[in-house]
J.: 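The structure is given below, and queries will be raised subsequently.
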Amino acid sequence: GGEGRSARGNRAPEPRAEGERATPREPPPRQARRGGKRAETGAQKRGQGPGARAAAPKPEFYSLRTVVDHGFEDVAGEEEGTTRRLTWTIEKRGVADKKSGRSMTAVYVLERDGVETEFPSLGAARAAVNKRIEHPERLTRPKAEYARAKK
């Protein structure tokens, strides 16, 4: 029972003249031939092919708040003979890059008695609360001085 069937499909091929194609192709529409959108290759879809833009990824940032220093100062109270203790905190606030962790902007905020004041540097904020950092090498006397003191 395989009469009328071809080896490939279920239907028998239709008779045609010598040199004629089985199904004549129509020329593509004029728009598709000139300036129309061409089919993209896989590389172009991924943005790697010719004409792909080298789009830099958008930078991602996060905010950062860190307590850098804190302390107190005793201030004369409103009543005579009393002192009031004011606490202060210096906080570093800024924005950092999420990928590298590098700080992009930083400002130092001094909070004292509920009032916040911004400073461009930590030294300026510490100067506002009269706090000076003495480095240990300046606090330690040279060895020669110790030797002279013993004599």
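Residue numbers run from 1 in the order of the sequence given.
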J.: Inspect the surroundings of CD in Glu145 and state if more than 12 heavy atoms from other residues, nucleotides or ligands are less than 6.0 Å away.
T.: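 For Glu145, atom CD is crowded (more than 12 foreign heavy atoms under 6.0 Å).
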J.: Could you give me the CA-CA distance, side-chain angles and deciding distance for Trp88 and Ile90, then say whether side-chain contact (heavy atoms from CB on, under 4.5 Å) is met?
T.: CA-CA 7 Å; Trp88 53 265; Ile90 299 175; 3.8 Å; yes
J.: Taking it one step at a time, do Glu116 and Arg93 satisfy side-chain contact (heavy atoms from CB on, under 4.5 Å)?
T.: CA-CA 12 Å; Glu116 291 186 351; Arg93 294 182 188 170; 3.1 Å; yes
J.: Over all heavy atoms of both residues, which pair between Gly101 and Ala96 is shortest? Give the atoms and the distance, please.
T.: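 That closest heavy-atom pairing would be O-CB, 4.2 Å.
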J.: Does Val68 belong to the same Ile/Leu/Val/Met/Phe/Trp/Tyr cluster as Val129, with side-chain heavy atoms less than 4.5 Å apart forming each link?
T.: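 Val68 and Val129: one cluster.
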J.: Measure from the side-chain N and O atoms of Ser100 to the backbone N and O of Arg102, and report whether any donor-acceptor pair falls under 3.5 Å.
T.: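 Looks like yes, one N/O pair under 3.5 Å.
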J.: For Arg112, is there an ion pair with Glu73 - N to carboxylate O distance below 4.0 angstrom?
T.: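 Judged by the 4.0 Å cut-off on N to carboxylate O distance, Glu73 and Arg112 do form a salt bridge.
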J.: Mind listing the closest non-hydrogen atom pair of Tyr108 and Ala125 along with its distance?
T.: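 So the minimum-distance heavy-atom pair works out to CB-CB, 4.3 Å.
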J.: Linking I/L/V/M/F/W/Y whenever their side-chain heavy atoms sit closer than 4.5 Å, directly or via other members, would Leu122 and Leu110 fall into one cluster?
T.: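 Hydrophobic grouping puts Leu122 with Leu110.
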J.: Within this structure, what is the CG-CG distance for the pair Asp113 and Leu86, rounded to the nearest 0.5 Å?
T.: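 Asp113 atom CG to Leu86 atom CG measures 5.0 Å (nearest 0.5 Å).
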J.: Quick one: pull up CZ in Phe72 and OG1 in Thr89 and give me the separation to the nearest 0.5 Å.
T.: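 Interatomic distance, Phe72 CZ to Thr89 OG1, rounded to 0.5 Å: 12.5 Å.
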J.: Could you state the interatomic distance from NZ (Lys99) to CD (Glu60), rounded to the nearest 0.5 Å?
T.: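 Interatomic distance, Lys99 NZ to Glu60 CD, rounded to 0.5 Å: 9.5 Å.
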J.: Before you tell me yes or no, could you show the steps for Phe61 and Met104 under side-chain contact (heavy atoms from CB on, under 4.5 Å), namely the whole-Å CA-CA distance, both residues' side-chain angles and the distance that decides it to 0.1 Å?
T.: CA-CA 9 Å; Phe61 301 112; Met104 306 303 277; 3.8 Å; yes
J.: Say you draw a straight line from OG1 of Thr82 to CG of Asp74; how long is it, rounded to the nearest 0.5 Å?
T.: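 If we round to the nearest 0.5 Å, Thr82:OG1 and Asp74:CG are 11.0 Å apart.
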J.: Check step by step if side-chain contact (heavy atoms from CB on, under 4.5 Å) holds for Arg126 and Asp69.
T.: CA-CA 8 Å; Arg126 282 183 171 153; Asp69 203 351; 2.9 Å; yes
J.: What is the minimum heavy-atom distance between Ala128 and Phe119, and which atoms define it?
T.: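 Distance-wise, the nearest heavy atoms are CB-CZ, 3.5 Å.
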